[in-house]
Amino acid sequence: MKTGRIIKVSGPLVVAEGMEHANIHDMVKVGENGLIGEIIEMREDRASIQVYEQTTGIGPGDPVISTGEPLSIELGPGLIESMFDGIQRPLEAFAERADSPFLKKGIAVNSLNREKLWTFNPVLEVGVEVEAGDVIGTVQETAVVLHKIMVPYGIKGIIKEIKSGDFRVTDTVCIVETEKGDKELTLMQKWPARKGRPVARKLKPEGPMVTGQRVIDTFFPVAKGGAAAVPGPFGAGKTVVQHQVAKWGDTEIVVYVGCGERGNEMTDVLNEFPELKDPKTGESLMKRTVLIANTSDMPVAAREASIYTGITIAEYFRDMGYSVSIMADSTSRWAEALREMSGRLEEMPGDEGYPAYLGSRLADYYERAGKAVCLGKEGRIGTITAIGAVSPPGGDISEPVSQATLRIVKVFWGLDAQLAYKRHFPSINWLNSYSLYEETVDNWMNKEVAEDWSALRKEAMALLQEESSLQEIVSLVGIDALSEKDRLKLEIAKSIREDYLQQNAFHEVDTYTSLNKQYKMLKLILFFRKEAEKALEAGVYINEILNLAELRDKIARSKYITEGELSKIDGIAAEVTATIDELIKEKGGVLNA
Ligand code: ADP
Ligand code: MG
């Protein structure tokens, strides 16, 4: 391979000449140490290279060699429970010493462990015809993840040999006779990070990804295979939302990309996830999680690559027919890396200095989420649900990254500084957040949870919206100007906010609420409303209803009822009926049968 020479170094950007043999997106080795970089622009024989490591110590005249290959991700057993940097170098040391300089410069490391043996169980026999995506066998990667070994893209033929037993990821486990000769299949395959992995057919997302977070599941659900953005100012709760969705979302695989945020947040993930028991399997959450970390203290260029590395891994597990969720925290830090490189390339700056291609690069990421029929004769269906945090400066979402994101994703969980300040968590603003999956998820919920799910959800949301206009009246002319019925509405809306929407991520029981419990809780609050309205009509005063402190407290505390004791919520509903009936009787009213 011919050698180019550096003519300029500007932070993570290196320009080299004599590179006419190389192509855009080639990985290159820069300087005597062979720092890893990627060509991001070619002009005649000049290559602009983003270098994924600190460029101190290299300078003009130093050699640059192209590998002739794009940034590729190793896909195979060993991904789960691993932590990688933005270009998939393993960060084992990170777990032990969060403040260590993780990797020595320019040292070529394999992403997947080359020594470890995996037990391969073939599921096909010699003579069977196979094509890309067909599963030839499986590896039990962790207690909960059955890793399916698939025929790589571009291979079609007849199995000539297939083995069984313990193998390293690079050992041949199967030989396929193709038109272009014999192909040796290993447990591992490679895929270029910046290219979406092909599927047979895209499908429309339908059912929700259940997160156990009430404000999300009930009001702003994300479909399995959908994409959601969580914009919010510093401290509003973006990271907690992402952690909660990663922990509790009902997907089989989690890819968590920590992108440009503080290192201690990744340490939190590393400390918490292994401790957390997956509700479905009883196993540690790490047994189905892949971590990608490019925290603020790590080289900026690798941050740009990290989200593509993450989504490539997500696609690989989707191809096995799994439901996958991918979190990116934060895409704003990613965009800043993009902006920095663009600035150094002296490109024409767009809005607020971001390059004009910001939106299309974001789309390149989010559009790889979705629901699809995977390659292979089996016709497996897999999903990728993508959740991206956005941290607009000052929380003002009119800035370019928020705006570009909102043009792509269908769900917006707008975090609100004022709510966070009042310690209303999750601080998702119910008045400006939205989900464009509302209707399809409603249909699903009405069928799978309860037929009046969407009716309850709509009634509750209408109350919350009415509350804000009623509050305006109250602030102008005082509470006495309101009718008793409107005062009741205010109280019920408050109950929805405090007893239902507020959910403590750090409370053992409150941290997760099943759909069935969400339904029962919401129904209880709205049942109280119905009964209280009946009482008002029978001449009971609003204050008599508001004074039912003990009963109202029970409603408020229903969030702490464990999943195993949900009938207690029915018990509270029975108490509501009895107590209100009593009030009506005192007024000499007639009870409805
Ligand atoms: P951000 O990532 O937006 O800067 P964090 O997710 O780190 O904000 O949240 C900041 C703090 O807010 C957390 O440390 C926690 O104390 C509080 N918080 C956020 N969400 C919740 C929640 N659902 N329950 C309880 N506390 C929360
Ligand atoms: Mg954060």
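We count ligands from 1, going down the list as the structure has it; atoms in each ligand are counted the same way.
Contact atoms of ligand 1 toward F506: 15 (C), 25 (C), 26 (N), 27 (C) (distance under 4.0 Å to a heavy atom of the residue). Heavy-atom proximity to Q503, at under 4.0 Å, picks out these atoms of ligand 1: 22 (C), 23 (N), 24 (N). Interface of A505 with ligand 1, defined as ligand atoms under 4.0 Å from a residue heavy atom, comprises 22 (C), 23 (N), 24 (N), 25 (C). Interface atoms of ligand 1 facing F234, defined by a heavy-atom separation under 4.0 Å, are 4 (O).
By the 30° and 60° cut-offs, the orientation of the rings of W334 relative to Y308 is perpendicular. Relative ring orientation between F317 and Y322 is described as tilted, the plane-to-plane angle lying within the 30° to 60° band. Ring geometry for Y256 versus H243: interplanar angle over 60°, hence perpendicular rather than tilted (30 to 60°).
Using a cut-off of 4.0 Å between Lys/Arg side-chain N and Asp/Glu carboxylate O, K458 and D452 are scored as not salt-bridged. Between E38 and R194 there is a salt bridge, since at least one side-chain N of the basic residue sits less than 4.0 Å from a carboxylate O of the acidic one. A salt bridge links E315 with R368: the closest approach of a Lys/Arg side-chain nitrogen to an acidic carboxylate oxygen falls below 4.0 angstrom.
The Mg ion (ligand 2) has T239 among its coordinating residues (N/O/S atom, backbone or side chain, under 2.8 Å).
Residue, atom and distance of the protein heavy atom nearest to atom 13 (C) of ligand 1 are V240 CG2, 4.0 Å.
The shortest heavy-atom contact between A328 and Y365 is CB-OH, 3.8 Å.
Taking a 4.0 Å cut-off on heavy atoms, G232 fails to register as neighbouring ligand 1. Contact annotation: R423 has at least one heavy atom less than 4.0 Å from an atom of ligand 1.
Per-atom contact check: atom 6 (O) of ligand 1 touches the protein, criterion being a heavy-atom distance below 4.0 Å.
Polar contact check, G237 against ligand 1: a nitrogen or oxygen pair lies under 3.5 Å apart. Of the N or O atoms in A236, one or more lie within a sub-3.5 Å distance of an N or O in ligand 1. Backbone and side-chain nitrogen or oxygen atoms of G235 are examined, and one is located within less than 3.5 angstrom of a nitrogen or oxygen of ligand 1.
N429 and S433 share no side-chain donor-acceptor pair at under 3.5 Å.
With a 4.0 Å heavy-atom cut-off, ligand 1 is reached by the backbone of P233 but not by any atom from C-beta on.
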